[in-house]
Amino acid sequence: MWPGIALSLEITQTLYSKKSLFQQIDLYETRQHGRMLVLDGIIQLTQFDEYTYQEMLSHLPLFAHPSPRNILVIGGGDGGILREIGRHEKVEQIDFCEIDEEVIAVSKQFLPELACGFDDPRVRVHIGDGNAFVQEKTAAYDVIIVDSSDPIGPGEALFQKSFYEGLKTALKPGGIIACQGESIFMHQKWVVTLARMTGELFPVQAYANVQVPTYPGGSIGICMGSLGPELVRPARKISHSLQDQLKYYTPQMHEAAFVLPRFAEKLLEGR
Ligand code: SPM
């Protein structure tokens, strides 16, 4: 996806390498960054910095919503997003839809500190196509989180307008979506496309930026849409016990994530 650009991490051991029905799955031990999950040759996470993305993709929408009870997560078979949602005691039900059950199995074997998200009794796992799953739902969720891979291979359908329309229909009144939003440095065309689609469908739209040193460009975006609540400030206070569990998200980071460099502001303004 990045012709002429590479990020190098020294691998000390290959723990798993196999093609599933959908993609090539590789799990490596690295010298400096702990274990690393790679799908179709693209880094999905490392133990070194996975928490930045997982915390922000989860807690930005959950804290922007005044009372999130019913949650849907699409993609993210490693379980890290489920782990973060599970920290919210008032959440009642978490539907989880992932197309590739081998990613879940590999994560349970090699990334237990992420896959512990699957142990939460509120989680209901659905193996299948996330787009098809969403299209069958109406007014079912307070928050929907899309932890997709990139828009090639199995993740492609999750970047289409029909999918975003389905997300909107699947939300309850006042609901919020938060989707993996690519990089303001590396994927400007996708960033603009996602922000425009969300802006056309939702009365409230915002784009956050999160530091992830092991993603190309060093950061990734979160594209959000809301049927009511404002997004750029938390709607609720965070408890001391939850804040103590986190390494990246704070109420201050919530607001700061939506402050973008000027070139990105211009990009999103269509200038
Ligand atoms: N739960 C973690 C799964 C990671 N899902 C998102 C992966 C995105 C990988 N591509 C990053 C490159 C951004 N341009």
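Just so you know, these numbers use all the heavy atoms, side chains as well, and skip hydrogens, waters and symmetry mates. When a ligand or atom number is given, it counts from 1 through the structure's own listing order.
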Exercise. Where is the tightest heavy-atom contact between Pro203 and Ser226, given as atom of each residue plus distance?
Worked result: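 Closest approach of Pro203 to Ser226, heavy atoms only: CD-O, 3.3 Å.
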Classify the ring geometry between [X] and [Y] as parallel (under 30°), tilted (30 to 60°) or perpendicular (over 60°).
X      : Y      : value
Phe63  : Tyr249 : parallel
Phe118 : Phe96  : perpendicular
His126 : Phe133 : tilted

Exercise. Between Gln54 and ligand 1, is there a nitrogen or oxygen pair with a distance under 3.5 Å?
Worked result: yes
Exercise. Is there any N or O on Asp78 that sits under 3.5 Å from an N or O of ligand 1?
Worked result: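 Right, the criterion is met.
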Could you state the interatomic distance from [atom1] ([X]) to [atom2] ([Y]), rounded to the nearest 0.5 Å?
X     : Y      : atom1 : atom2 : value
Lys18 : Asp26  : NZ    : CG    : 12.5 Å
Leu9  : Glu29  : CG    : CD    : 12.0 Å
Met56 : Ile220 : CE    : CD1   : 12.5 Å

Show which atoms of ligand 1 fall inside a sub-4.0 Å distance from at least one heavy-atom site of [X].
X      : result
Ser148 : 5 (N), 6 (C), 7 (C)
Glu182 : 13 (C), 14 (N)
His187 : 14 (N)

Exercise. Does Gly77 have a heavy atom less than 4.0 Å from any atom of ligand 1?
Worked result: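 It does not; every heavy atom stays at 4.0 Å or beyond.
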Exercise. Applying a 4.0 Å heavy-atom criterion (strictly less than), which segment of Gln180 is in contact with ligand 1: side chain, backbone, both, or neither?
Worked result: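 Just the side chain.
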For this session: Report the part of Ile43 in contact with ligand 1, treating N, CA, C, O as backbone and CB onward as side chain, heavy atoms under 4.0 Å; options are side chain, backbone, both, neither.
Result: backbone
Problem set entry | The one among Asp147, Ile184, Val212, Leu111 that brings a heavy atom closest to atom 3 (C) of ligand 1 |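 The option holding the nearest heavy atom is Asp147.
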Problem set entry | Nearest option to atom 9 (C) of ligand 1, as decided by whichever heavy atom of Val73, Ile81, Asp150 sits closest | Asp150
